[in-house]
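Below: the structure, in structure tokens.
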Amino acid sequence: MATVPEALAAPALYRPAPGTGPVLDRDEMLRYLGYAGQEMDPGLAARIAAVADEVEAGLAPAGVRRVFPVDATGTDGAGEPVIRLHGTAVALEGKDIFRHLKDARYCALIACTLGIESERRLRAAGGAALEQTVLDAACSAYVEAAVEEMDAAVRAEAAELGLSTNWRFSCGYGDCPLTAQPRIVAALNAGRLIGLTVTPANLLVPSKSVTAMIGLFDGPVHDANTRPACGICRLRGSCAFRARGTTCYGG
């Protein structure tokens with residue numbers, strides 16, 4: 001089993017202070033709102049801009065990432081291949097995640113959250129449907145921006161060691177089940193380090209949180225820049241984004 005290079009072995013925390021975090025992509029926020037270039041009321045446009053500013057200034061993303069060796073030799077009880085991360089209890093089932101990581105030497109686990117303050121603000125806005133919708137879109141775009149920064153850090157550190165990376169994969173993509181979430185959170189000690197927990201239904205709390213996996217490879221990666229397609233998504237038949245002619249991911 002490969003040993004993780006010292007530069008990648010320790011957990012790395014991501015903790016920008018409020019007002020110093022990533023830039024919230026306003027276009028991404030509008031996409032979450034279903035905006036497709038239609039004329040917008042000036043008052044609504046101003047409110048959307050104000051909420052984006054408030055989220056950037058008032059919420060502090062927190063994240064943790066760590067790299068583990070990949071073991072792609074095991075199977076589950078039915079004989080199907082399973083990706084296991086050495087030194088953890090993480091077992092990633094499903095053909096899609098197996099294809100994604102089977103040739104990787106290491107896997108970078110990422111967990112990121114906007115924290116309990118985001119939950120408080122979303123609950124406070126619950127009495128006003130429009131306000132909650134706009135805030136929800138802003139928080140979704142902001143946590144995505146934070147994960148992008150963590151993603152970029154993984155890629156930069158891997159490149160310094162001569163390793164290639166592929167795109168970020170999360171539980172729920174394709175046939176990779178959400179049941180892996182508790183063990184991912186435990187492997188990262190994300191409960192203690194960033195306050196991230198998992199419900200009995202395997203949903204993350206706070207809700208504006210993300211876990212993800214990136215493969216690290218010794219050589220070139222055939223799907224290095226290939227983002228997930230709608231064809232592998234479990235929600236493609238009832239997706240609100242597809243109904244609007246767009247996707248849940250940019251690009």
Shortest non-hydrogen contact between [X] and [Y], atoms and distance:
| X | Y | value |
| --- | --- | --- |
| Ala141 | Tyr32 | N-CE1, 3.8 Å |
| Arg168 | Tyr173 | O-CE1, 3.6 Å |
| Gly191 | Val185 | N-CG1, 4.1 Å |
| Ser118 | Cys139 | CB-SG, 4.5 Å |
| Tyr14 | Pro22 | OH-CD, 3.3 Å |
| Leu24 | Ala52 | CD1-O, 4.0 Å |

Establish whether [X] and [Y] are linked, either directly or via other cluster members, by ILVMFWY side-chain heavy-atom contacts under 4.5 Å.
| X | Y | answer |
| --- | --- | --- |
| Met29 | Val147 | yes |
| Val67 | Ile97 | no |
| Ile184 | Val64 | yes |
| Leu101 | Tyr106 | no |
| Leu33 | Leu135 | yes |

Salt bridge [X]-[Y], side-chain N to carboxylate O under 4.0 Å:
| X | Y | answer |
| --- | --- | --- |
| Lys208 | Asp136 | yes |
| Arg155 | Asp151 | yes |
| Arg26 | Asp53 | yes |

A side-chain contact here means heavy atoms from C-beta on lying under 4.5 Å apart; do [X] and [Y] qualify?
| X | Y | answer |
| --- | --- | --- |
| Ser209 | Cys112 | no |
| Pro206 | Leu114 | no |
| Ile83 | Leu85 | yes |
| Pro11 | Asn189 | no |
| Leu163 | Asp218 | yes |
| Leu188 | Leu193 | no |
| Ile110 | Met213 | no |
| Leu109 | Thr211 | no |

Please confirm whether the backbone N or O of [Y] pairs with a side-chain atom of [X], one donor and one acceptor, at under 3.5 Å?
| X | Y | value |
| --- | --- | --- |
| Asp71 | Arg84 | no |
| Thr133 | Ala129 | yes |
| Thr165 | Leu216 | no |
| Gln132 | Leu122 | yes |

Test side-chain contact (heavy atoms from CB on, under 4.5 Å) applied to Met40 and Ile48, step by step: CA-CA 11 Å; Met40 187 181 300; Ile48 289 172; 3.9 Å; yes
Which distance, rounded to the nearest 0.5 Å, do you find between the [atom1] of [X] and the [atom2] of [Y]?
| X | Y | atom1 | atom2 | value |
| --- | --- | --- | --- | --- |
| Arg66 | Leu8 | CZ | CG | 11.0 Å |
| Leu203 | Thr197 | CG | OG1 | 10.5 Å |
| Asp41 | Arg47 | CG | CZ | 13.5 Å |
| Thr88 | Arg183 | OG1 | CZ | 8.5 Å |
| Arg99 | Cys176 | CZ | SG | 12.0 Å |
| Glu157 | Leu161 | CD | CG | 8.0 Å |

Crowding at CD, Glu39 (>12 non-hydrogen neighbours, <6.0 Å): no
Criterion side-chain contact (heavy atoms from CB on, under 4.5 Å) on Glu117 and Leu59, from CA distance to verdict: CA-CA 7 Å; Glu117 175 62 14; Leu59 295 183; 3.4 Å; yes
From CA spacing to verdict: side-chain contact (heavy atoms from CB on, under 4.5 Å), Arg105, Phe217: CA-CA 5 Å; Arg105 188 173 186 183; Phe217 301 77; over 6 Å; no
Pair Phe169 + His100: ring centers closer than 6.0 Å: yes
Option from Thr75, Asp175, Val82 for which side-chain contact (heavy atoms from CB on, under 4.5 Å) with Glu93 holds: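 It is Val82; the other options fail the test.
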Test log, rule side-chain contact (heavy atoms from CB on, under 4.5 Å), inputs Arg65 and Ile214: CA-CA 10 Å; Arg65 55 186 172 85; Ile214 301 172; over 6 Å; no
Under 3.5 Å side-chain donor-acceptor pair for Glu56 and Tyr142: no
Chi angles and distances behind the salt bridge (charged side-chain N to carboxylate O under 4.0 Å, His left out) call for Lys95, Glu80: CA-CA 8 Å; Lys95 295 179 180 178; Glu80 295 295 327; 5.0 Å; no
